[in-house]
Amino acid sequence: MQLKVFKNYQEMSKYASQIVLDVVAKNPQCTLGFATGSTPLGLYGYLKQACKDGTSFRDVSAFNLDEYVGLDASHPQSYKYFMQHNLFNELDILPQNCHIPCGVATDLQAECQNYSKQLAKHTIALQILGIGGNGHIAFNEPGTSFQSTTHVVQLSPKTIADNARFFDSIDQVPTSALTMGIGEIMKAQCILVLANGKNKAQAVFNMVKGPISTSCPASVLQTHPNCIVVCDEESASLLN
Ligand code: F6R
């Protein structure tokens, strides 16, 4: 695990964007794994600018980590909406190459199986991850098997409380989601974890220095051969 600490959010986001752009430059037909949430927004800003400046994502395929159950693409808090409005609409990526699990599928188990099947046809060159305050990656909450594939998850009270800031009230936060499994995330050739802010300091510490345990799902990343953690000083403040 490589750790890169930057003075602030802008600097870490810029550095992270260079990692993504290098992967695309090396293989314009690569598959990228994307995350939602507030952490990667700075990085996505730099990717949108790079596209305006001439980098093409036309042949890139995208797989997202997760989606809330019950929210469709028109809901502003759905991850489909998030990706469209915060990234994809301003890239030349082709809509048919952008994959996000469908949170309103009538058969959620079948949707998970189908997502795993689609994913298995690709090798993710670079997986972008954020980290939850409880150490979750994607929506793999503490206790999730490191071998898991795409599945339906009941969100933990901590995740629901953390994500309530995006909704009018906590009652509106969906209580379940579809998430890529840890086993699938670990198959990525390279994993780029982003973290910023004091509220992530304990999770970052547990990920980097804690025991490898399902009680902190992100700790499994210590066993990945090519994982880069890019964070700001606040989120790295518990590390020496
Ligand atoms: C989002 C995701 C989550 C977030 C995590 C951190 O697709 O998979 O694991 O990365 O909850 O969220 P933020 O960035 O909002 O702090």
Side-chain angles (χ1 to χ4, degrees), residues 1-28 30-57 60-66 79 82-93 98 100 123-133 135-138 140 180 185-201 203-208 217-222 224-239:
M1 194 177 242
Q2 246 190 85
L3 177 70
K4 298 270 183 195
V5 182
F6 293 87
K7 215 179 289 158
N8 57 46
Y9 180 68
Q10 278 316 317
E11 283 185 24
M12 63 169 258
S13 300
K14 188 163 192 189
Y15 181 84
S17 72
Q18 207 44 63
I19 295 176
V20 179
L21 293 171
D22 286 349
V23 170
V24 175
K26 210 164 137 199
N27 179 9
C30 67
T31 299
L32 298 177
F34 287 104
T36 58
S38 50
T39 314
L41 285 172
L43 157 64
Y44 294 164
Y46 284 109
L47 296 184
K48 290 188 280 191
Q49 188 56 49
C51 190
K52 281 197 189 96
D53 294 343
T55 299
S56 178
F57 291 79
V60 168
S61 295
F63 278 84
N64 260 79
L65 289 169
D66 39 23
Y79 287 169
F82 175 101
M83 288 308 295
Q84 241 129 29
H85 291 264
N86 289 299
L87 186 64
F88 294 152
N89 285 352
E90 290 180 58
L91 299 185
D92 59 346
I93 194 166
C98 296
I100 301 186
T123 299
I124 295 185
L126 179 72
Q127 175 65 59
I128 298 159
L129 293 181
I131 180 169
H136 72 215
I137 47 174
N140 293 286
M180 201 188 276
I185 291 170
M186 290 295 282
K187 283 193 181 145
Q189 290 175 325
C190 179
I191 296 181
L192 170 61
V193 191
L194 303 174
N196 71 294
K198 264 201 194 94
N199 59 335
K200 295 294 173 68
V204 167
F205 177 86
N206 293 343
M207 165 173 66
V208 177
S219 65
V220 72
L221 299 171
Q222 292 176 34
H224 193 278
N226 192 9
C227 175
I228 311 169
V229 178
V230 174
C231 52
D232 71 349
E233 285 178 356
E234 286 189 345
S235 65
S237 59
L238 297 180
L239 301 167

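- T39 has its side chain within reach of N196: a pair of non-hydrogen atoms, C-beta onward, lies under 4.5 Å apart.
- By the 4.5 Å heavy-atom criterion applied to side chains, I185 and N140 are counted as neighbours.
- Going from atom OG of S13 over to atom CG of L194 covers 7.0 Å, rounded to the nearest 0.5 Å.
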M1 and I228: CA distance, side-chain angles, deciding distance, side chain to side chain contact (heavy atoms under 4.5 Å, CB included) verdict: CA-CA 6 Å; M1 194 177 242; I228 311 169; over 6 Å; no
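- Side chains of Q127 and K187 form no contact here, defined as non-hydrogen atoms less than 4.5 Å apart.
- Within the model, atoms CE of M83 and CD1 of I100 stand 6.0 Å from one another, a figure rounded to the nearest 0.5 Å.
- The shortest heavy-atom contact between V229 and M207 is CG1-CE, 3.8 Å.
- With rounding to the nearest 0.5 Å, the separation of CG in N226 from CG in L192 is 10.0 Å.
- Residues D66 and T36 meet the side-chain proximity criterion, which asks for heavy atoms closer than 4.5 Å.
- At least one donor-acceptor pair under 3.5 Å links the side chain of K200 to the backbone N or O of I131.
- Put simply, the side chain of Y15 never gets that close to the backbone of F6: no donor and acceptor are under 3.5 Å apart.
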Is there a side chain to side chain contact (heavy atoms under 4.5 Å, CB included) between T55 and D53 once you walk through the steps? CA-CA 6 Å; T55 299; D53 294 343; over 6 Å; no
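- Looking at I137 and I191, their side chains never come closer than 4.5 Å, going by heavy atoms from C-beta outward.
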Applying side chain to side chain contact (heavy atoms under 4.5 Å, CB included), run through S219 and N206 and close with a yes or a no. CA-CA 7 Å; S219 65; N206 293 343; over 6 Å; no
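- Minimum interatomic distance between Y9 and S38 (heavy atoms only, all atoms of both residues): OH-O, 3.3 Å.
- Shown here for A35 and P40, the closest heavy-atom pair between the two residues is O-CG, 3.7 Å.
- Test F57, Y79, F88, F63 against F34 for ring-ring contact (aromatic ring centres under 6.0 Å, His included) and you get one pass: F88.
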Test log, rule side chain to side chain contact (heavy atoms under 4.5 Å, CB included), inputs V20 and Q18: CA-CA 5 Å; V20 179; Q18 207 44 63; over 6 Å; no
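- Nearest approach of V24 to S56, heavy atoms of both residues: CG1-O, 3.8 Å.
- In this structure, the separation between CG on L43 and NZ on K14 is 13.0 Å, given to the nearest 0.5 Å.
- Taken from NE2 in H136 to CG in L65, the straight-line distance is 10.0 Å, to the nearest 0.5 Å.
- Without hydrogens or angle criteria, K4 side chain to M12 main chain gives no donor-acceptor distance under 3.5 Å.
- Interatomic distance, I124 CD1 to C190 SG, rounded to the nearest 0.5 Å: 11.5 Å.
- Within the structure, the side-chain hydrogen bond (donor to acceptor under 3.5 Å, both in side chains) test picks out the following pairs touching residues 227-238 (sequence neighbours left out): D232-S235.
- Counting only heavy atoms from C-beta outward, the side chains of C30 and L126 never approach each other to under 4.5 Å.
- Contact annotation: the side chain of F82 never approaches that of N64 to less than 4.5 Å [non-hydrogen atoms, C-beta and beyond].
- The closest side-chain heavy-atom distance from L21 to L47 is below 4.5 Å.
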